[in-house]
Amino acid sequence: MGTARPDAVRVRRFTRTERALHWVLALGFFALLASGLVLYLPELSVLVARRPLVKALHLYTGVVWLVALALVVALGNGRSVIATVRELDRFDEDDRRWLLGRPSRPGRFNAGQKLNAALTAAFTVLFAVSGFLLWYGERDTRFRFAGTILLHDGLMYVALILLVGHLYLAIIRPATRHSLRGITTGYVRADWARRRHPKWIEELDREPGEAGQAGGQPHELARRQQYAEGNQ
Ligand code: HEM
Ligand code: HEM
């Protein structure tokens, strides 16, 4: 048996369901952004010149998007998603230090990622509610509010800023872009994870049994994969 080569060891970061959820979220968002911009920007509206069609496309994309997100969780490994949501929801001392720019030891997600996840979830709900009101307000004037369109447009601007930051970290910034492997293949290098998310790896090393139970499948698989590959 050869010696373990920690650098080559890969740990499981996301289950297939989590990755599917992310990519359905991203795909729907881009489609809605594109059709929304055609409705929003006069130059594009003139170019496309079929507003009712684009409007219907935008609305139905929104409905299909929400249904698809729910289906991925319902039909896939919902437990792993719930476990991850719990992790994203937990704020500890290291998260506070991270936010204050002090040295910190992040767990599976750092405070920035936790904030990004919370904002994304809130925005998805707010997009859906304001979008529904935009549609329904045309049918029943009691549901037509001046603020609805402002909210929907405002969300788009803030979501766009978040997305630019997200893409920079995921694709360009050398220290973080290895995370792209996690969201595409499900696995990341152990040495990278140890550098970026030391507390997560420590948890996996220290209490594999408990972490497997508390964290659900990702931990379980991470541990198995880690040891299987490490012993090769
Ligand atoms: C469930 C999700 C969504 C639903 C149901 C929805 C629905 C709608 C509806 C009904 C309209 C009004 C169309 C009109 O009367 O002209 C609209 C406009 C718009 N939506 Fe959405 N939408 C959703 C998500 C999104 C997302 C994620 C974005 C961008 C990232 C977006 C961007 C826009 C923009 C830019 C407009 C044009 C507003 C304007 O004319 O000022 N929407 N949406
Ligand atoms: C091509 C586009 C995108 C790429 C390359 C990308 C990349 C990534 C990567 C690499 C991660 C995992 C980070 C980790 O290891 O923890 C991630 C997580 C995440 N992504 Fe994306 N993403 C994209 C689009 C989007 C969009 C459009 C949204 C929201 C509408 C989104 C929302 C999230 C959220 C909430 C997380 C979990 C929290 C976080 O890590 O910030 N992503 N994404």
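For ligands, and for the atoms within them, numbers begin at 1 and follow the listed sequence. On a predicted model such as this, the values are computed, not experimentally measured, just so you know.
- Counting only residues at least two apart or in different chains, salt bridge (Lys or Arg N to Asp or Glu O under 4.0 Å) contacts with residues 110-136 comprise Asp95-Lys114.
- Under 4.0 Å from ligand 1, the heavy atoms of Ile149 that appear belong solely to its side chain.
- The protein heavy-atom contact nearest to atom 8 (C) of ligand 1 is His58 CD2, 3.3 Å.
- When only non-hydrogen protein atoms are considered, atom 41 (O) of ligand 1 lies nearest to Asp153 OD2, 2.9 Å.
- Protein heavy atom at the shortest distance from atom 2 (C) of ligand 2 is Leu167 CD2, 3.3 Å.
- When non-hydrogen atoms are compared, ligand 2 lies under 4.0 Å from neither the backbone nor the side chain of Thr124.
- Among the atoms of Gln113, some N or O lies under 3.5 angstrom from an N or O of ligand 2.
- Within the set Trp135, Phe30, Phe29, Tyr136, the minimum heavy-atom distance to atom 30 (C) of ligand 1 is found for Phe29.
- Counting Ile, Leu, Val, Met, Phe, Trp and Tyr side chains that sit under 4.5 Å apart, directly or through other members, Leu100 stands alone, with no cluster partners.
- Counting only heavy atoms of the protein, atom 18 (C) of ligand 1 lies nearest to His152 CD2, 3.8 Å.
- Under the 4.0 angstrom criterion for non-hydrogen atoms, Ala117 is in contact with ligand 2.
- Using a 4.0 Å cut-off between heavy atoms, Phe123 makes no contact with ligand 2 at all.
- Protein N/O/S atoms found under 2.8 Å from atom 21 (Fe) of ligand 2: His22 NE2, His166 NE2.
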Mind listing the side-chain donor-acceptor pairs of residues 145-165 below 3.5 Å, one per line with the distance, residues two or more places apart or on another chain?
{"residue": "Thr148", "atom": "OG1", "partner": "Phe145", "partner atom": "O", "Å": "3.2"}
{"residue": "His152", "atom": "ND1", "partner": "Ser130", "partner atom": "OG", "Å": "2.8"}
{"residue": "Tyr157", "atom": "OH", "partner": "Tyr40", "partner atom": "OH", "Å": "2.7"}

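- Phe127 CE2, 3.4 Å is the protein heavy atom nearest to atom 28 (C) of ligand 1.
- At a 4.0 Å heavy-atom cut-off, ligand 1 touches Leu66 through the side chain alone.
- Within the 4.0 Å heavy-atom criterion, the part of Thr120 lying near ligand 2 is the side chain and not the backbone.
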